[in-house]
Amino acid sequence: MDKLIQEHQLSRLDMAFANFLSQRASTNTAQKAILETLLSKLSFEQSQGHSCINISEAEKKLILASGLVSENNIAPLKLEQNRLYLYRYWSYENSLAEQIKQLISTAVPCHNNNSLINRYFIELIDETDWQREAAIKAISQSFTIITGGPGTGKTTTVVKILALLQELAATNEHVLHIALAAPTGKAAMRLQESIGFSKSTLPCAESIKQRIPETVTTIHRLLGAKPPSPYFKHNATQPLAYDVIVVDEASMIDLALMSKLVDALKPGARLILLGDKDQLASVESGAVLADLTAALPLNTVELKKSHRFHGEIKELAIAVNSQLFKTAWKLLNQNSQQIGLLSGDLMSYIAKKYTSYLNKINSSADFVEIYSEFSRFQVLCSNRQGKQGVIEINHKIEAHFQQKNTIHISGQWYIGRPIMVMQNNAGMQLYNGDIGICLFDKVSKRLAVYFLRSDGSVKKVLPSRVPKHETVFAMTIHKSQGSEFDNCLCVLPEEINPVLTKELIYTAITRAKSSLKIASNYAVFSHTLQKRVNRTGGLFEKLAVTV
């Protein structure tokens, strides 16, 4: 156990959980010690995003003899082939696999209207139009995944698909009810902006455009969160009323939430997932989008041509995603206007990049202007804690501003403090990932925290009522998913740690639209590109047999 603690950095919760179960096992003292070690590993790996762990034949015999696993009744553990699960996560995975099988087997009206498709997508002669291919799939099946990197036109494509579906439904004098959702408020806001822009360019009647919604909600709001319980209003017995549901940034969705989303679909509904399969997997268990795209090629289309993402940022993203370290390191060392390694003092660089934001604060600009300026630059860290982590960087930034007298900080709350909500609060309509800025409220003559909603409205909340949150001059790369910034600084630790993977760097790179700096040394960057996210689970195996 001591060696396991050193190797895996087990938490007290991991050890307490293992001790609790092992004490209730039908095993002798020697076996209990081995079982406790195995259960500690299971708890730890689950906290790291794995759905299960692979075990040996000897460990299987020990588990079966423990009395902690049962084939017919609910028990703490579930054994499936050589995979050991906590029962709850096996249930999520198994349910999702069965739900997806049911979804892809559901027949939908077959539409083969080339003239209508040609109005939205020009038929190319010398190359494949992957956006067109995605549309053909989406109108002919119940479940479609559209994946692709930044700027490949996922949103543009899905808006055209929704118009196509509405036109086809109109021939039967029917109007489709459509829902648009994303995992976080920030991602919902971005999708809403893109939907509004794309709708205006559609080659269809205004009446069809009006049938495509622009309001985007979070998945938790869509399903009807019932805090503090893990349950939702909508489920298999009370399904959502929508005919088509589109979910953006699907790589962020964990096993549990995806299972609950699919469970809440009404019979005959279509589900369209959008996302970049090469991005980081969800913070919680599973690598759902990656598993689905790998297991279901007939339901997946990858958009391969980027219409917006270009130049050195694109080249760096490709090199990192392909794990071409020498190419990536060479690109960074060229230190062009777009990309480069950070040289000089970290705090001085960050302070300079936030100068325009501070000027807006000090000029008493309105919230929307201030929020827009803040969103132009973001510090992204690989880790939340430790040296070069989010907590330390945020503390140093505040200390630097205080020292330079650019922001007056007299306590926890101060004018100009940006914060990120860290937990969902359905009652206040504030969700994990929402960003707010503390400003002086001229009406109440006191501080208030302002949030920009996905519909463009502004929400004002007293600081004391803001749900669990933290300062966000710097945020983790995980938390940046679903966001884009004109300029980014990616800060990596000075030493190698388990969080560092090529997917992490790829996600950071693809947050930047105009420029990117990376603060890292050679050894850490090299190690990071050599390591890939490889989550243990059974979803792929359960779905691949359907192909």
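Positions are given from 1, in the same order as the sequence printed here. Heavy-atom basis, side chains included; hydrogens, waters and symmetry copies ignored.
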Run the numbers on E503 and T507 for side-chain hydrogen bond (donor to acceptor under 3.5 Å, both in side chains), then give the verdict.
CA-CA 6 Å; E503 288 86 357; T507 301; over 6 Å; no
Using distance alone, with no hydrogens and no angle criterion, decide if [X] and [Y] have a side-chain donor and acceptor under 3.5 Å apart.
{"X": "Q337", "Y": "S515", "answer": "no"}
{"X": "T471", "Y": "R417", "answer": "yes"}
{"X": "N432", "Y": "K479", "answer": "yes"}

Smallest separation among heavy atoms of [X] and [Y], with atom names:
{"X": "G49", "Y": "R535", "answer": "O-CD, 3.2 Å"}
{"X": "I496", "Y": "A523", "answer": "CD1-O, 4.4 Å"}
{"X": "T144", "Y": "A134", "answer": "CG2-O, 4.4 Å"}
{"X": "I393", "Y": "C381", "answer": "CG1-SG, 4.0 Å"}
{"X": "A319", "Y": "T327", "answer": "CB-CG2, 4.0 Å"}
{"X": "N487", "Y": "S514", "answer": "OD1-CB, 4.0 Å"}

Report yes or no: does [X] contribute a side-chain atom to a donor-acceptor pair with the main-chain N or O of [Y] at less than 3.5 Å?
{"X": "R270", "Y": "A138", "value": "yes"}
{"X": "T406", "Y": "F401", "value": "yes"}
{"X": "K154", "Y": "G149", "value": "yes"}

Residue pair [X] / [Y], side-chain heavy-atom distance below 4.5 Å:
{"X": "L265", "Y": "F143", "result": "no"}
{"X": "M189", "Y": "Q192", "result": "no"}
{"X": "L274", "Y": "T157", "result": "no"}
{"X": "S526", "Y": "Q530", "result": "yes"}
{"X": "L516", "Y": "C488", "result": "yes"}
{"X": "I509", "Y": "I313", "result": "yes"}
{"X": "F473", "Y": "P418", "result": "yes"}
{"X": "I208", "Y": "L202", "result": "no"}

What pairs with T293 under side chain to side chain donor-acceptor pair (under 3.5 Å), at least two apart in sequence or on another chain?
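T293 satisfies side chain to side chain donor-acceptor pair (under 3.5 Å) with no residue once adjacent residues are dropped.
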Output, in order, the C-alpha distance, side-chain angles, deciding distance and verdict of salt bridge (charged side-chain N to carboxylate O under 4.0 Å, His left out) for E193 and R190.
CA-CA 5 Å; E193 291 170 356; R190 275 194 57 217; over 6 Å; no
Go through the structure and list residues passing salt bridge (charged side-chain N to carboxylate O under 4.0 Å, His left out) with [X], not counting sequence neighbours.
{"X": "E312", "value": "none"}
{"X": "E495", "value": "none"}
{"X": "K502", "value": "none"}
{"X": "E392", "value": "K396"}

Would I146 and I161 count as a side chain to side chain contact (heavy atoms under 4.5 Å, CB included) if you check the C-alpha gap in whole Å, the side-chain angles of each, and the deciding distance to 0.1 Å?
CA-CA 11 Å; I146 303 174; I161 289 169; 3.7 Å; yes
Mind checking what makes side chain to side chain contact (heavy atoms under 4.5 Å, CB included) contact with I318, not counting sequence neighbours?
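Only K314, S322 meet the side chain to side chain contact (heavy atoms under 4.5 Å, CB included) criterion with I318.
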Taking side chain to side chain contact (heavy atoms under 4.5 Å, CB included) as the definition, give me every residue that meets it alongside K305, ordered by chain and number, with sequence neighbours left out.
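By the side chain to side chain contact (heavy atoms under 4.5 Å, CB included) rule, K305 matches H307.
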Roughly how far, to the nearest 0.5 Å, is [atom2] of [Y] from [atom1] of [X]?
{"X": "L292", "Y": "T300", "atom1": "CG", "atom2": "OG1", "value": "7.5 Å"}
{"X": "L529", "Y": "F325", "atom1": "CG", "atom2": "CZ", "value": "7.5 Å"}
{"X": "F197", "Y": "T155", "atom1": "CZ", "atom2": "OG1", "value": "11.5 Å"}
{"X": "L504", "Y": "T476", "atom1": "CG", "atom2": "OG1", "value": "8.5 Å"}
{"X": "L176", "Y": "L162", "atom1": "CG", "atom2": "CG", "value": "9.0 Å"}
{"X": "Q323", "Y": "K531", "atom1": "CD", "atom2": "NZ", "value": "12.0 Å"}

Taking only residues two or more places apart in sequence, or in another chain, which ones meet [X] in a ring-ring contact (aromatic ring centres under 6.0 Å, His included)?
{"X": "H234", "answer": "none"}
{"X": "Y231", "answer": "none"}
{"X": "F232", "answer": "H220"}

Side-chain donor-acceptor distances from residues 438-445 under 3.5 Å, at least two apart:
residue : atom : partner : partner atom : Å
D441    : OD1  : V443    : N            : 3.2
D441    : OD1  : Y450    : OH           : 3.4
D441    : OD2  : S444    : N            : 3.4
D441    : OD2  : S444    : OG           : 2.7
D441    : OD2  : K460    : NZ           : 3.0
K445    : NZ   : K442    : O            : 3.3

Kindly assign one of parallel, tilted or perpendicular to the pair Y354 and F374, based on the angle between their ring planes and the thresholds 30° and 60°.
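Ring orientation of Y354 relative to F374: parallel.
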Ring geometry between W329 and Y522 (parallel below 30°, tilted from 30 to 60°, perpendicular above 60°):
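Ring orientation, 0 to 90° scale: perpendicular.
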Steps toward side chain to side chain contact (heavy atoms under 4.5 Å, CB included) verdict (T510, D278)
CA-CA 11 Å; T510 54; D278 296 318; over 6 Å; no
Can you name the one residue among Q402, H408, E398 that meets side-chain hydrogen bond (donor to acceptor under 3.5 Å, both in side chains) with Y414?
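For Y414, the side-chain hydrogen bond (donor to acceptor under 3.5 Å, both in side chains) check succeeds only for E398.
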Among E167, Q131, K160, R132, find the one that has a side-chain hydrogen bond (donor to acceptor under 3.5 Å, both in side chains) with Y120.
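It is E167, the one option of E167, Q131, K160, R132 that forms the side-chain hydrogen bond (donor to acceptor under 3.5 Å, both in side chains) with Y120.
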Pairs involving residues 194-207, ordered by first then second residue, that meet side chain to side chain donor-acceptor pair (under 3.5 Å) (sequence neighbours left out):
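Output for this query lists K199-E214, E206-Q210.
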Stepwise, does the side chain to side chain contact (heavy atoms under 4.5 Å, CB included) test hold for L452 with F367?
CA-CA 9 Å; L452 185 63; F367 165 69; 3.9 Å; yes
Any chance you could lay out the side chain to side chain contact (heavy atoms under 4.5 Å, CB included) test for L380 and R511, step after step, and finish with the verdict?
CA-CA 9 Å; L380 306 176; R511 300 310 92 203; 3.9 Å; yes
